[in-house]
Protein chains: 2
Amino acid sequence: MPIKADLDAIDWKILRELQDDGRMTNVELSRRVGISAPPCLRRVKRLEDEGIIQRYRALLNAPALGMDVVAFCLVGLNRQSEVDLKAFADRTRNWPIVRSAWMVSGESDFMLHCLAPDLGTFQGFVIEELTSSPNVDTVRTALTIRQVKDDGLVAI
Amino acid sequence: MPIKADLDAIDWKILRELQDDGRMTNVELSRRVGISAPPCLRRVKRLEDEGIIQRYRALLNAPALGMDVVAFCLVGLNRQSEVDLKAFADRTRNWPIVRSAWMVSGESDFMLHCLAPDLGTFQGFVIEELTSSPNVDTVRTALTIRQVKDDGLVAI
DNA sequence: CGTCATTGCGCAAGATTCTTGCGCAAACGC
DNA sequence: GCGTTTGCGCAAGAATCTTGCGCAATGACG
């Protein structure tokens with residue numbers, strides 16, 4: 001996994017293009033990166049096989065689907081033993097409102113990216129699920145007003 | 001944009017599948033959702049045209065590409081007028097280390113999702129760029145240890 | 001209850017794309 | 001200088017995409 005891949009300029013172009021449009025046909029991709037289709041497809045497959053490209057995902061319009069509240073929760077635990085951390089990490093996976101979660105170091109122990117249909121649902125989640133969860137000490141929330149930047153993960 | 005779409009069960013299946021694998025062929029998708037390929041493709045195009053599906057993106061393995069530091073920054077400003085907020089939002093777009101950013105309400109004004117090759121680069125960014133940026137009051141950072149959940153945006 | 005418009009499916013066929021094997025040229029090591 | 005390796009492009013068969021069309025189910029309306 002932590003194999004620092006050696007990629008040439010064409011590989012980077014491919015990664016850039018597929019971050020911008022992951023459903024582009026291989027023919028179009030090959031045109032954009034300046035090689036013919038077969039070697040382009042082989043490069044993409046290599047990038048997938050080596051785990052450089054982890055997956056492809058459709059990004060949805062949450063408000064149009066009735067999800068109006070995007071928020072972040074910073075959660076601090078009372079105890080941070082490996083068992084405690086793992087227990088909370090497992091719990092996040094069973095909360096559908098939590099869409100992504102990271103274990104972090106700093107003032108808090110976990111960062112949760114949350115999505116809820118409305119404010120009441122989100123507040124209910126924070127109060128009845130999150131705050132009242134065992135070993136949870138502090139919960140700080142930040143409701144998003146709007147997203148101001150959304151680039152792919154990796155640039156260059 | 002805020003048109004609450006009316007989607008049937010097949011549409012939701014399509015959205016689930018394309019969040020899980022955005023590069024799936026239409027034939028495979030149609031098999032999974034239980035209809036033939038042409039109406040399936042028409043549904044996908046409709047979802048794209050209506051903006052329900054915003055885009056497709058390849059998700060990359062950041063560590064394998066030499067990006068070992070993922071962090072969040074909570075930024076508080078001194079003044080929060082619309083002009084000030086917009087000025088900072090514009091600035092985030094010119095920082096390659098900042099991959100995503102949200103304007104938030106709560107104790108801070110912006111949440112930044114950051115990616116850097118190493119800790120030194122990230123610290124340099126925080127000290128020399130972020131903290132020393134005009135109108136920036138407070139910066140709290142949370143270095144991620146590992147991601148413990150990563151689902152698509154919308155469930156159901 | 002009958003009729004008509006609407007909606008959305010599946011079939012079919014041509015266009016496009018995918019996928020594989022193969023030959024060839026450039027780069028490299030010995 | 002020679003052999004190996006690497007990676008490109010060509011070509012052809014397989015798979016997929018894309019479009020038009022016919023048909024059945026649904027619902028509105030007289």
Side-chain angles (χ1 to χ4, degrees), chain A residues 1-61 63-66 152 154-156, chain B residues 1-67 152 154-156:
Chain A
M1 179 83 78
I3 300 165
K4 308 289 183 180
D6 63 326
L7 307 175
D8 62 15
I10 294 179
D11 290 321
W12 280 107
K13 275 189 191 174
I14 289 173
L15 294 179
R16 261 199 305 277
E17 293 294 342
L18 289 181
Q19 280 189 109
D20 191 55
D21 178 7
R23 215 175 158 76
M24 188 184 302
T25 67
N26 182 60
V27 170
E28 172 64 17
L29 179 62
S30 68
R31 268 196 289 265
R32 295 195 184 204
V33 304
I35 58 177
S36 66
C40 186
L41 185 64
R42 284 190 287 261
R43 281 170 179 266
V44 171
K45 285 206 180 304
R46 180 202 144 210
L47 292 168
E48 291 169 358
D49 291 342
E50 292 185 352
I52 309 289
I53 296 175
Q54 293 184 315
R55 63 189 306 180
Y56 301 91
R57 178 172 284 174
L59 302 186
L60 307 187
N61 182 341
L65 294 169
V154 181
I156 299 181
Chain B
M1 178 89 73
I3 299 164
K4 308 290 184 181
D6 64 326
L7 307 175
D8 62 16
I10 295 179
D11 289 322
W12 280 108
K13 276 189 192 173
I14 289 173
L15 294 179
R16 261 199 306 275
E17 293 293 343
L18 289 181
Q19 279 190 111
D20 191 56
D21 178 7
R23 215 174 158 75
M24 188 184 301
T25 66
N26 183 61
V27 170
E28 172 64 17
L29 180 61
S30 67
R31 268 196 289 264
R32 295 196 183 203
V33 304
I35 58 178
S36 66
C40 185
L41 185 64
R42 284 190 286 262
R43 280 171 181 264
V44 171
K45 284 207 180 303
R46 179 201 145 210
L47 292 168
E48 291 170 358
D49 291 343
E50 291 184 353
I52 309 289
I53 297 175
Q54 294 184 315
R55 63 188 306 179
Y56 301 91
R57 177 172 284 172
L59 303 186
L60 307 186
N61 182 342
L65 294 168
M67 293 296 190
V154 181
I156 297 181

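If you're wondering where the values come from, they're calculated on a predicted model, not measured in any experiment.
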Any idea which heavy atoms bring A/Leu60 and B/Gln54 closest together, and the distance? O-OE1, 3.4 Å
Between A/Ile10 (CD1) and D/dT6 (P), how many Å, whole number? 17 Å
How long is the straight-line distance from CD1 of B/Ile53 back to CD of B/Glu48, given to the nearest 0.5 Å? 5.5 Å
Below 3.5 Å between N/O atoms, which protein atoms pair up with nucleotides 13-16 of chain C? Just atom names and distances, please.
none

Minimum heavy-atom separation for A/Tyr56 and A/Gly22, please, with both atom names. CD2-O, 3.6 Å
Here the residues of residues 29-45 of chain A within 4.0 Å heavy-atom distance, strictly under, of DNA chain C are A/Pro38, A/Leu41, A/Arg42
How long is the line joining CG of B/Asn26 and C1' of D/dT18, in whole Å? 10 Å
d(CG, A/Asp11; P, D/dT6) in whole Å: 15 Å
What is the distance from atom CD1 of B/Ile10 to atom CD1 of B/Ile35, rounded to the nearest 0.5 Å? 5.0 Å
Could you tell me, to 10°, how much the axis swings from one end of the helix from C/dC1-D/dG30 to C/dC30-D/dG1 to the other, five pairs per end? 30°
Between A/Glu50 and A/Arg46, is the closest basic N to carboxylate O distance under 4.0 Å? yes
Whole-Å distance, B/Met24 CE to C/dC18 C1', equals 17 Å
Is B/Glu28 salt-bridged to B/Arg32, going by a charged N under 4.0 Å from an acidic O? yes
Got a second to check how far B/Arg31's CZ is from B/Glu17's CD, nearest 0.5 Å? 12.0 Å
How long is the span from the CG atom in B/Leu7 to the CG atom in B/Leu15, to the nearest 0.5 Å? 6.0 Å
What distance do B/Ile14 atom CD1 and B/Arg16 atom CZ have between them, rounded to the nearest 0.5 Å? 10.5 Å
Which value, rounded to the nearest 0.5 Å, describes the distance between A/Asn26 atom CG and B/Arg23 atom CZ? 7.0 Å
